[in-house]
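Reviewing the structure listed below.
Residue numbers run from 1 in the order of the sequence given.
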Amino acid sequence: LGGSRAVGVEAEATARRGPVRFDASGMLLSLRGGTDGRWERLPERPSALGRVAVATLPARGWTGAFEVLAVGPAISLGPAGEIDLPPSLRVGARIGRRWALPDGTLGVYARVDNVTAAEHLPQAGLPAPGREVRIGLTWSRWSR
């Protein structure tokens with residue numbers, strides 16, 4: 001490609017009510033690439049992205065989060081030309097517990113990404129992982 005150009009609109013909103021935080025963001029995009037004045041859609045780049053999330057992350061006690069990710073349609077390139085990639089909607093959730101200790105905060109969590117195992121194709125023939133389950137341990141040391 002001789003170059004690319006991106007034109008779009010993006011919006012983001014965040015609100016807090018006590019320990020609960022709400023986030024929403026969205027983006028509509030027109031992505032083009034080309035040479036010699038001939039501009040075509042860029043492959044593997046969606047035309048829309050969106051996210052809505054709610055979380056409670058206190059310094060100690062129970063934590064939780066829930067999010068929905070939406071990815072708009074895109075194209076991929078194949079031997080016979082463009083291949084349409086369908087939009088996807090993925091849901092994620094996390095629950096955890098934090099404890100305040102003398103030198104910092106200890107936390108444990110369980111997280112599930114793509115709870116419904118929805119199909120997401122960022123590239124033709126290469127699906128993103130289905131449902132992912134993670135457990136973890138975090139340590140945050142307090143600065144002095």
Side-chain angles (χ1 to χ4, degrees), residues 1-34 39-144:
L1 292 176
S4 63
R5 63 181 178 195
V7 177
V9 176
E10 183 176 1
E12 185 175 317
T14 300
R16 278 200 132 118
R17 184 151 184 109
V20 180
R21 179 182 168 131
F22 301 91
D23 293 294
S25 62
M27 190 180 325
L28 297 174
L29 303 165
S30 174
L31 301 162
R32 302 284 186 249
W39 297 93
E40 298 177 5
R41 285 177 68 187
L42 284 175
E44 286 97 32
R45 301 289 187 232
S47 59
L49 297 169
R51 178 179 178 268
V52 175
V54 60
T56 179
L57 297 169
R60 63 178 180 252
W62 289 100
T63 65
F66 178 80
E67 72 178 355
V68 177
L69 302 168
V71 177
I75 61 164
S76 195
L77 299 178
E82 291 182 0
I83 299 168
D84 290 327
L85 301 176
S88 67
L89 188 68
R90 293 172 287 160
V91 175
R94 174 182 166 136
I95 189 167
R97 176 93 173 146
R98 290 181 178 172
W99 295 272
L101 300 176
D103 288 336
T105 303
L106 176 67
V108 295
Y109 67 89
R111 177 183 178 113
V112 181
D113 291 325
N114 197 4
V115 171
T116 62
E119 181 180 62
H120 173 63
L121 295 168
Q123 185 178 17
L126 185 62
R131 184 178 305 113
E132 290 182 82
V133 178
R134 298 182 228 178
I135 57 171
L137 179 68
T138 61
W139 168 253
S140 300
R141 186 180 172 109
W142 296 351
S143 61
R144 296 177 189 222

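With values rounded to the nearest 0.5 angstrom, L77 atom CG is found 6.5 Å from E44 atom CD. Here the CG-CZ distance, from L31 to R45, works out to 7.5 Å after rounding to the nearest 0.5 Å. Distance check, rounded to the nearest 0.5 Å: CZ of R5 to CG of L42 gives 10.5 Å. Here the CD1-CG distance, from I75 to D84, works out to 8.0 Å after rounding to the nearest 0.5 Å. One finds the OG atom of S4 at 12.0 Å from the CZ atom of R32 (value rounded to the nearest 0.5 Å). D23 contributes atom CG, which lies 7.0 Å from atom CD of E12 (distance to the nearest 0.5 angstrom).
Inter-residue side-chain proximity for T14 and R21 is flagged as met; some heavy-atom pair is nearer than 4.5 Å. Within the 4.5 Å cutoff, the side chain of L49 has no heavy atoms near those of the L69 side chain. Side-chain contact between V91 and F66 is present, with at least one heavy-atom pair separated by less than 4.5 Å. A 4.5 Å side-chain heavy-atom check between L29 and S47 finds every atom pair outside the cut-off. Within the 4.5 Å cutoff, the side chain of N114 has no heavy atoms near those of the H120 side chain. Residues P122 and L85 form no side-chain contact, since every pair of their non-hydrogen atoms from C-beta on lies 4.5 Å or further apart.
Closest non-hydrogen pair, G78 versus I83, comes out as CA-CD1, 3.8 Å. Closest approach of W139 and L101 over heavy atoms only: CZ3-CD1, 3.7 Å. Of all the heavy atoms in A117 and R131, the pair that sits closest is CB-NH2, 3.8 Å. The minimum heavy-atom distance between V71 and P46, with the atom names listed, is CG1-CB, 3.7 Å. Residues T138 and Y109 approach most closely at CG2-CE2, 3.9 Å, considering heavy atoms. Closest approach of L89 to A70, counting heavy atoms only: CD1-CB, 3.8 Å.
With W62 as the aromatic partner, R97 meets the cation-pi criteria of under 6.0 angstrom to the ring centre and within 45 degrees of the ring axis.
Take R51 and apply the salt bridge (charged side-chain N to carboxylate O under 4.0 Å, His left out) test, not counting sequence neighbours, and it matches E67.
Heavy-atom neighbours of I135 CD1 from other residues, nucleotides or ligands within 6.0 Å: at or below the threshold of 12. The 12-atom threshold is exceeded at CZ of R41, counting heavy atoms of other residues, nucleotides or ligands nearer than 6.0 Å.
Judged purely by atom type and a 3.5 angstrom limit, R94 has no side-chain atom pairing as donor or acceptor with the backbone of G64. For R98 (side chain) and P58 (main-chain N/O), a donor-acceptor pair under 3.5 Å exists by modelled atom type.
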